[in-house]
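Worksheet for the structure shown next.
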Protein chains: 2
Amino acid sequence: MSSDGAGRRPPTAQQFVLAELRRAITTGRLRPGAPIRQDALAEELQVSRVPLREALKTLEGEGLVTYKAHKGYCVATLSLDDLREVYRIRELLEEEAVRRAVPRLTDADVDRLEAAQSDVERAAAAGDVLAMATANRLFHMTLFDCAGMPRLARLIRTLWDTTDAYRSMYYGDGGNRERVVKEHRATLDALRRRSADEAVATLDVHRDHAVAELESLLPASP
Amino acid sequence: MSSDGAGRRPPTAQQFVLAELRRAITTGRLRPGAPIRQDALAEELQVSRVPLREALKTLEGEGLVTYKAHKGYCVATLSLDDLREVYRIRELLEEEAVRRAVPRLTDADVDRLEAAQSDVERAAAAGDVLAMATANRLFHMTLFDCAGMPRLARLIRTLWDTTDAYRSMYYGDGGNRERVVKEHRATLDALRRRSADEAVATLDVHRDHAVAELESLLPASP
DNA sequence: ATTTTCAATATTGGATCCAAAATATGGAGA
DNA sequence: TCTCCATATTTTGGATCCAATATTGAAAAT
């Protein structure tokens, strides 16, 4: 084994911190709107503030945290308008990705999608929210990566990151998990038949459900 | 006057460095592919490496520079495929921005667009490449900002930044400058009549010309 | 002559320390 | 009691120093 318990540790401290921060935000340990106290966080992660600050700069670029000079960083909060905007942009970009990907899909690609879907179903059945989020993401990104447009895929990833803090709420509900599984099956079916139109349509529905659910969940805070 | 010659200096060193790096890249002083020697650059800009590295992290997030752990930063190079990809994504996002913006356009907005266009024409006539790039950008961003989708506008800005290093080549040619002026007039005309379809169409043409021109200019390097 | 090894050097990554700014605290005056 | 101002404390921004990694060059072995 590679010495430390929680998976292999990245080769630089900033990458380690970056991964930790992402987890903290997506799992909700760092709540949206919460100020980020550099000194405390650095000590907690056993690094100095330098790599922490570089990691925060990366997250700022991705929109996960906000920054103001001499005031510091806060976990980004998404208003309902922000959320709708993110999903609208995703709709545009993901449609493009799917339309480019479908004609290029190999059988091996489809196999990988099926495998990812199996993981999703397992996690959904087990009620494992974190595993569900991971597997769900793998499913979609596997598809998007097939478009052969790396920059497009990266943009989509960033947009997903932006709403990660809210996604876990969504998977907390068993009904939502069940629905996600069904919707994925519909998408997978369309992909097997190489129907871009249908795949796009099923994914649009998928997103719209997520937005609707989050809209009912959120209004408490913004 | 506010002490130093070249405009007001930002309140933090990283912001100053960030602005300087952008200029260096867009003007071509730092060529695509060139490695970034932190020590030398820091000394040249009279700052330590810490703010320089934070600025580089920001640029990495925007795709203007690439980074590899323990190897450092390089000015990003765009292959023709990359370039086409960026312009395709811009097409998608800018169409959305324009369609949202047009119904919301006030007369004051149109006035601001006209003003920006005047700047473009002045710069084009004077053959001032840098001013041309600045004014051109202002023209388009003024329009996109009217969509009332700040995240969308930010994404588009980032995509523009990505190709900034190559844009100056484009404006170097007088014929291109003349054509840009004409195309802007067509867009402006469509906007005055609040025709989203036509505005989108003219902008598509505008972009396609840029891509075609860059395609003939680039193949030397990638 | 070519390849391999190992040391010397250059460059990046990170920790500590100090400076600057913002925020919190407390007291004086109205 | 409330407001305002001066001061203390906290927090961020930046510089310097040291450590870790990568790169280069030269010498030795094949």
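Numbered from 1 within each chain, the chains take letters A, B, ... in sequence-line order.
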Does B:Gln15 put a side-chain nitrogen or oxygen below 4.0 Å from OP1 or OP2 of D:dG13?
no
Ring pair (Phe, Tyr, Trp, His ring centres under 6.0 Å) contacts in which one or both residues fall within residues 42-71 of chain A, not counting sequence neighbours:
A:Tyr67-A:Tyr73
Is there a donor in the side chain of B:Ser79 and an acceptor in the side chain of B:Asp82, or the other way round, less than 3.5 Å apart?
yes
With sequence neighbours excluded, what pairs up with A:Ala210 under the side chain to side chain contact (heavy atoms under 4.5 Å, CB included) test?
A:Tyr87, A:Tyr170
Given DNA chain D, 5'-ward residue of the pair A:Tyr67 and A:Pro11, judged by closest heavy atom
A:Tyr67
Separation of [N] [atom2] from [X] [atom1] (nearest whole Å):
X	N	atom1	atom2	result
A:Gln38	D:dG13	CD	C1'	9 Å
A:Arg37	D:dT12	CZ	C1'	10 Å
A:Leu56	D:dT11	CG	C1'	14 Å
A:Lys71	D:dT10	NZ	P	19 Å
A:Ile36	D:dG13	CD1	P	12 Å
A:Asp39	D:dG13	CG	P	12 Å

Residue among A:Val17, A:Leu52, A:Leu56 satisfying side chain to side chain contact (heavy atoms under 4.5 Å, CB included) with A:Leu41
A:Leu52
Does B:Tyr73 reach a base, just sugar-phosphate, or nothing at all? Heavy atoms under 4.0 Å.
nothing
Students often get this wrong, so: under 4.0 angstrom with heavy atoms, is A:Gln14 touching a base, only sugar-phosphate, or nothing?
sugar-phosphate
Go through the steps for B:Glu20 and B:Arg23 under the test salt bridge (Lys or Arg N to Asp or Glu O under 4.0 Å), then give the verdict.
CA-CA 5 Å; B:Glu20 286 298 310; B:Arg23 266 206 336 174; 3.5 Å; yes
Contacts of A:Gln46 and A:His70 projected onto DNA chain C by closest heavy atom; the upstream (5') one is A:Gln46
Tell me whether the rings of B:His184 and B:Phe139 are parallel (<30°), tilted (30 to 60°) or perpendicular (>60°).
parallel
Yes or no on side-chain contact (heavy atoms from CB on, under 4.5 Å) for A:Val180 and A:His206, after CA distance, side-chain angles and deciding distance?
CA-CA 7 Å; A:Val180 165; A:His206 192 43; 3.8 Å; yes
With a strict under 4.0 Å distance from non-hydrogen atoms of chain A, what nucleotide opens and what nucleotide closes the contacted stretch of DNA chain C, reading 5' to 3'?
C:dG13 to C:dT23
